[in-house]
S.K.: 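What follows is a structure written as structure tokens; I'll ask about it next.
These values consider heavy atoms only, across backbone and side chains, with no hydrogens, waters or symmetry-generated copies. As the structure is a computational prediction, the values presented were derived from the model and not from experiment. Atoms within a ligand are numbered from 1 in the order they appear, just like the ligands themselves.
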Amino acid sequence: MNVLVLNAGSATLKFQLIATDRAAIEREDDVKLARGLVERIGGHALITFQREGGPRVFREKTLRDHRAALAEFLSWVVSEESGVSAVRSPADIHAVGHRVVHGGQRFRESVRVDAEVIAAIEDMFELAPLHNPGNLKGVHAATELLGAGMPQVAVFDTAFHASMPETSYLYAIPYSHYRRFGLRKYGFHGSSHRYIAYRYRKLRGLPKESVNIITLHLGNGCSACAIREGRSFDTSMGFTPLEGLVMGTRAGDVDASLVAWLAEKEGLSVADVESMLNKQSGLLGISGLTSDMRELLAEEAENGDRRARLAIEIFCQRVRKYIGAYFAELGGADAIVFSGGIGENSAAIRERICRGLGALGLELDATRNSHDGGARVISTDVSRLQAWVIPTDEELLIARDTARLLASPPPAAGPSSGR
Ligand code: ADP
């Protein structure tokens with residue numbers, strides 16, 4: 001089954017075309033066919049398309065909306081020029097899987113999209129005003145261009161964290177706010193943490209119940225997840241993705257009182273301060289230079305920039321703090337797993353995070369850590385707490401959930417987005 005995976009933002013659309021089905025999942029031989037990215041939808045769009053293993057195709061074109069962006073991808077993918085031989089017409093696309101950021105309290109697993117699911121996602125606009133509306137634009141574009149009969153599946157960023165207990169997800173604020181508004185921790189990056197935990201369990205040959213680990217998704221956005229018996233027990237992002245670790249431009253944890261204080265002091269609205277915490281803080285805010293970890297590491301190494309170093313140190317210390325907290329919450333863990341752009345690619349950051357974790361029984365192997373490569377152990381053979389690098393693949397998880405759901409009996413027969 002050729003599954004088109006769509007990740008639609010407010011002005012962006014990411015595509016991946018993946019051939020998968022139950023047998024391929026079992027054998028782990030799903031085939032990536034092509035990918036694409038359209039940025040600045042609504043204006044002069046920047047377009048990148050690529051057949052797997054092929055050259056990147058760049059284009060610029062005015063694209064009015066997500067429908068136009070998807071049409072552009074479809075016409076490229078079926079063309080001779082793309083070289084994607086498995087897809088010669090839109091009829092060769094058999095299903096669409098969507099990343100949807102917020103599933104609220106309702107969606108605990110992936111679901112097939114129908115009118116009622118769309119209405120429920122719309123109901124959650126209030127919870128995720130920056131994300132869910134964009135995600136739905138992807139659904140509507142697919143319906144318009146591929147037909148109302150095209151099976152579509154929604155995979156929620158929050159769903160993996162639906163297993164968190166109340167003790168993890170409730171804030172210590174008046175309980176009525178939770179009851180009235182669903183004001184609680186939801187957590188995000190769920191598809192990534194779920195995929196990493198799945199890969200870890202496969203690589204170690206463990207049953208799901210034996211997976212007790214701390215996963216670290218460190219990219220532009222960053223989050224940690226405490227996984228107990230294969231399920232999310234706690235995670236660092238909260239009601240919104242702002243909470244928790246220091247990120248590229250997000251502050252992560254701060255004292256909530258600073259919002260009112262700063263609004264008053266600077267004559268800002270609460271929304272302005274929230275925007276500052278999301279867009280001008282984190283690595284960018286501390287360094288005053290950039291949100292990009294690679295650039296910060298270069299600044300530190302080449303120019304000894306003090307604030308670049310400070311930003312990196314605060315970033316690493318915050319990750320370490322969460323590892324310690326989650327280790328305690330879980331009553332011990334078997335491994336920490338690094339993922340995301342920083343976690344997968346930066347041996348230096350992994351090493352700096354792990355400094356001081358000897359107390360938890362972690363002994364990093366400098367040689368293993370410095371080697372590039374795919375999923376692997378980077379701790380020594382005698383390390384009591386293991387460290388791993390496992391590249392994340394949210395698109396693959398979305399494609400697999402889509403294939404699994406469509407191969408299952410109708411929803412009335414029971415839940416089907418297993419792992
Ligand atoms: P997103 O969260 O947007 O998917 P990524 O997972 O691609 O982002 O992560 C982007 C971050 O990863 C950037 O801060 C980038 O500098 C960092 N990064 C990528 N490669 C390296 C590297 N070799 N060393 C340090 N940081 C890196």
S.K.: Would you say the side-chain atoms of Ser192 pair up with the backbone N or O of His189, donor to acceptor, closer than 3.5 Å?
M.R.: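 Not confirmed, Ser192 side chain does not pair with His189 backbone.
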S.K.: State the atoms of ligand 1, each with its element, that fall below the 4.0 Å cut-off from a heavy-atom position in Leu297.
M.R.: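 Those of ligand 1 that fall under 4.0 Å from Leu297 are 25 (C).
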S.K.: Atom 21 (C) of ligand 1: which protein heavy atom is closest, and how many Å away?
M.R.: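 For this ligand atom, the closest protein heavy atom is Asn345 CB, 3.5 Å.
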S.K.: Tell me: protein heavy atom nearest atom 16 (O) of ligand 1, and distance?
M.R.: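 The answer is Asp292 OD1, 2.5 Å.
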S.K.: Judging by distance only, is a nitrogen or oxygen of His217 under 3.5 angstrom from one on ligand 1?
M.R.: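 No, there is no polar N/O contact under 3.5 Å.
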S.K.: What's the shortest distance from atom 3 (O) of ligand 1 to any protein heavy atom, and which residue and atom give it?
M.R.: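 For this ligand atom, the closest protein heavy atom is Asn220 ND2, 2.8 Å.
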S.K.: Mind checking whether Tyr186 and His102 have ring centres under 6.0 Å apart?
M.R.: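 Ring centroids of Tyr186 and His102 are less than 6.0 Å from each other.
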S.K.: Starting from atom 18 (N) of ligand 1, which protein heavy atom do you reach first, and at what distance in Å?
M.R.: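 I find the closest protein heavy atom is Gly341 O, 3.6 Å.
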S.K.: Among all the protein's non-hydrogen atoms, which is closest to atom 17 (C) of ligand 1, and how far away is it?
M.R.: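 Looking at atom 17 (C) of ligand 1, the protein heavy atom closest to it is Ile342 CG1, 3.5 Å.
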S.K.: Check whether any protein heavy atom sits under 4.0 Å from atom 6 (O) of ligand 1.
M.R.: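 Under the 4.0 Å cut-off, atom 6 (O) of ligand 1 does have protein heavy-atom neighbours.
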S.K.: For atom 14 (O) of ligand 1, grab the closest protein heavy atom and report residue, atom and distance to one decimal in Å.
M.R.: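 Answer for atom 14 (O) of ligand 1: Met293 N, 3.0 Å.
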S.K.: Could you list the atoms of ligand 1 found under 4.0 angstrom from a heavy atom of Gly221?
M.R.: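 Here the atoms of ligand 1 in question are 2 (O).
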S.K.: Show me the side-chain donor-acceptor pairs of residues 324-344 shorter than 3.5 Å, one per line, residues at least two apart or across chains.
M.R.:
from	atom 1	to	atom 2	distance (Å)
Tyr326	OH	Thr235	O	3.3
Tyr326	OH	Ser236	N	3.1
Ser339	OG	Glu344	OE2	3.2
Ser339	OG	Ile390	O	2.7
Ser339	OG	Thr392	N	3.1
Glu344	OE2	Gly340	N	2.9
Glu344	OE2	Thr392	N	3.0

S.K.: Under 3.5 Å, side chain of Arg350 to main-chain N/O of Asn369, donor-acceptor pair present?
M.R.: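 Yes, the answer is positive, given that a donor and an acceptor are paired below the 3.5 Å cut-off.
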S.K.: Which protein non-hydrogen atom lies closest to atom 24 (N) of ligand 1, naming both residue and atom, and how far is it?
M.R.: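 For this ligand atom, the closest protein heavy atom is Ser346 CB, 3.5 Å.
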S.K.: For the residue pair Thr290 and Glu295, confirm or rule out a side-chain donor-acceptor distance under 3.5 Å.
M.R.: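 Short answer, yes.
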S.K.: Using 30° and 60° as the class limits, which term best fits the ring planes of Phe156 and Phe107: parallel, tilted or perpendicular?
M.R.: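 Ring orientation of Phe156 relative to Phe107: parallel.
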S.K.: If you measure from the Lys or Arg side-chain nitrogens to the Asp or Glu carboxylate oxygens, is any gap between Arg59 and Glu81 under 4.0 Å?
M.R.: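 Glu81 and Arg59: salt-bridged.
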S.K.: Could you list the residues that satisfy ring pair (Phe, Tyr, Trp, His ring centres under 6.0 Å) with His66, not counting sequence neighbours?
M.R.: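 Applying ring pair (Phe, Tyr, Trp, His ring centres under 6.0 Å) to His66 gives none.
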